[in-house]
Amino acid sequence: MTIWLAQHGAALRLALTRLAAAPLNTLLSLLAIGIALALPAGGQMLLGNGMQLARNATPQPQLSVFMVPGADSKATAAVADHLRHHPQVRSVEALAKEDTLARMKSSGGLKDVIEVLGRNPFPDAFVVTPGKDDVETMESLATEFRQLAKVGHVQLDSDWVRRLNALLKLGRTGVGLLTLLLGAGLVAITFNIIRLQVVTMRAEMELSRLLGATDDFIRRPFLYYGSVLGVAGGIFALGLVAAAAASLNEPLTELTSLYGLPLDFAGLPATDAGLLLLLAAGLGWSGAALSLQQYLRD
Amino acid sequence: MIRFDRVSKRYPPGIDALSNISFEIDAGARVVIEGHSGAGKSTILKLIAAIERPTGGAVLLSGQNVGALKRQAIPYLRRNIGLVFQDQKLLFDRNAFENVMLPLSIAGFPPREAAQRVRAALDKVGLLAREKALPIALSGGEQQRLAIARAVVGRPNLLLADEPTAHLDDETAADVARIFTEFHQVGVTVVIATYDTRLFPDARRIRLDHGRHVERSAA
């Protein structure tokens, strides 16, 4: 056990020595890995803020149900009853056509127009707040309400929520794709860095094998090298994202406040940052492992 | 300890390095494998250390069929063999101490015990005072002695040396030969491939000619 630990310690030390031995190479590698990781991390941060904004800005989405203009009070009462007892409906606000007429008359410019018409042009209406506000529930409720007798028109007030959600979904997919692509890029970067090392250290690796080194012994410092490079690149990326967050904070808050939207701009959450470092270490390790597999096979 | 049983080694495209070789080497023996350049001397050493596998016959080391060893088992076999290579294979970016340390690091020795062993091995070949020197700063004879120190630091019971006195002047070569004799005297089985048998006058000889075993003369 202690020998095992000592060998791993030695491999890690060797990896760090090799990193320190070529500072310019190491720095440039870190730059490449850091930028590759900063893009999805930054995207994730923006997405998180977008989602927070959507949550804060969305009022309870509602459905407006309008009766046909000539609907009698019996039909209206039936629809009201149906709506009130629907299991997926949280609350119903009834807007009688007389009340609407009175309200419209009182609101300035429309008064003359309404009087010219001579009769009440407004239908009875209901504002329905559903129990759940996801798009699917809203849609299915709207479809259902359209089938009710004497219901003229059902309007979803949540169209812009849907648009925002669609946008965020697109953003999530985009960040996912970016992560996939740049993750593969990171594997490729470490693969090449390790391959170059293998070329320069071939003599030593050959000799170590002749002196009784196992494949694991030869592989170990390179795996540590790849992982350390990944983690250091990840830390670099987090630094870049933090710097971007700091410079974006003020203008973004100003912009959203102009639209009356509350935004408390947040950096990348700690769990995401931890995940990023873990991912970076894993990808660096994989790149190194792939590179060595090629060497150790022959 | 070592038994070659009708061993052949053919390199592509059909070059026979060894043909139907059979011999036995007892534990504690000192053997010189002699022959002209290309006679197959190096190949015999490589077969013993499982660097090459025979294309025919069996190579047995302490009863173990070396040619049939699994890839994962080969490192452990090599740790019990001291190897002195024809081209020495010293690492020129490591000093003498670190070069000799390498086999012990590989075998996973505790650092303090390893350092003691390294100094003992360097002392044995007369290089203790030069442990900090890089190989490039050493003379040809010193480099060869360093390679020997690295081969024996793991205290193997078998020492294989491929042309250990090549490119050395007579005096230095004699010096190196004396070191091998000393190891033999403490019980190490020593197998030396060389064209220059005068340096090991009382060793048993296995003579090769174009990959064939010609004669055997015991001393």
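In what follows, every chain begins at residue 1, and chains take the letters A, B, ... in the order their sequences are listed. These numbers come from a predicted model, not from an experiment.
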Engineer: So which bits of residues 81-115 of chain B come within less than 4.5 Å of chain A, counting non-hydrogen atoms only?
Structural biologist: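 Residues Leu83(B), Phe85(B), Lys89(B), Leu91(B), Arg94(B), Leu102(B), Pro103(B), Ser105(B), Ile106(B), Ala107(B), Gly108(B) are the ones that qualify, each having a heavy atom under 4.5 Å from chain A.
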Engineer: I need the minimum non-hydrogen distance between Thr26(A) and Leu19(A), along with the two atoms involved.
Structural biologist: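 Result for this residue pair: OG1-O, 2.5 Å.
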Engineer: Among residues at least two apart in sequence or on other chains, which ones pass side-chain contact (heavy atoms from CB on, under 4.5 Å) with Ala242(A)?
Structural biologist: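 Listed in chain order: nothing, the list is empty.
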Engineer: Salt bridge between Glu142(B) and Arg130(B), side-chain N to carboxylate O under 4.0 Å?
Structural biologist: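 Salt bridge present between Glu142(B) and Arg130(B).
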Engineer: I need the contact set between residues 215-230 of chain A and chain B: heavy-atom distance under 4.5 Å, sorted by residue number.
Structural biologist: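 Residues of residues 215-230 of chain A touching chain B at under 4.5 Å: Asp215(A), Phe217(A).
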Engineer: Check each atom of Gln7(A) against the heavy atoms of chain B and say whether the ones under 4.5 Å are side chain, backbone, both or neither.
Structural biologist: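 Just its side chain gets close to chain B.
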Engineer: By a 4.5 Å heavy-atom criterion (distance strictly below it), what part of Ala213(A) contacts chain B: side chain, backbone, both, or neither?
Structural biologist: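 Both the backbone and the side chain of Ala213(A) come within 4.5 Å of chain B.
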Engineer: Does Glu204(A) offer a backbone N or O that forms a donor-acceptor pair with the side chain of Ser208(A) under 3.5 Å?
Structural biologist: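 Checked: pair present.
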Engineer: Scan side-chain atoms only and decide if Thr165(B) and Asp196(B) contain a donor-acceptor pair under the 3.5 Å cut-off.
Structural biologist: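 Absent: no donor and acceptor within the cut-off.
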Engineer: Which of parallel (below 30°), tilted (30 to 60°) and perpendicular (above 60°) describes Phe4(B) and Phe23(B)?
Structural biologist: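 Ring orientation, 0 to 90° scale: parallel.
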Engineer: Under 6.0 Å from the ring centre and within 45 degrees of the ring axis: does the NZ or CZ of Lys124(B) meet both conditions for the six-membered ring of Phe183(B)?
Structural biologist: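 Yes - Lys124(B) lies over the ring of Phe183(B), closer than 6.0 Å to its centre and within 45° of its axis.
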Engineer: Backbone N or O of Gly212(A) within a donor-acceptor pair of the Arg79(B) side chain at under 3.5 Å?
Structural biologist: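 At least one qualifying donor-acceptor pair exists.
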Engineer: On a heavy-atom basis, which atom in Leu276(A) and which in Ala237(A) lie closest, and how many Å separate them?
Structural biologist: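 Scanning both residues completely, I find the closest heavy atoms to be CD2-CB, 4.4 Å.
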Engineer: How far apart are the closest heavy atoms of Leu168(B) and Val176(B), and which atoms are they?
Structural biologist: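 Where Leu168(B) meets Val176(B) most closely, the heavy atoms are CD1-CG2, 3.8 Å.
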Engineer: Could you tell me whether a side-chain N or O of Thr55(B) sits under 3.5 Å from a main-chain N or O of Arg10(B), the two making a donor and an acceptor?
Structural biologist: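 Checking the backbone N and O of Arg10(B) against the side chain of Thr55(B), a donor-acceptor pair under 3.5 Å is found.
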Engineer: Hydrogens and angles aside, do Thr181(B) and Arg30(B) bring a side-chain donor and acceptor to less than 3.5 Å of each other?
Structural biologist: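 Arg30(B) and Thr181(B) do have a side-chain donor-acceptor pair below 3.5 Å.
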Engineer: How long is the gap from CZ on Arg78(B) to CD1 on Ile48(B), to the nearest 0.5 Å?
Structural biologist: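 Rounded to the nearest 0.5 Å, the CZ-CD1 separation comes to 13.0 Å.
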Engineer: Spell out the residues in residues 29-41 of chain A that have some non-hydrogen atom less than 4.5 Å away from a non-hydrogen atom of chain B, in order of number; otherwise answer 'none'.
Structural biologist: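 Within residues 29-41 of chain A, near chain B: nothing under 4.5 Å.
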Engineer: Between Thr43(B) and Ala17(B) (side chain of the first, backbone of the second, donor and acceptor by atom type, cut-off under 3.5 Å), is there such a pair?
Structural biologist: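 Between the backbone of Ala17(B) and the side chain of Thr43(B) there is no qualifying donor-acceptor contact (under 3.5 Å).
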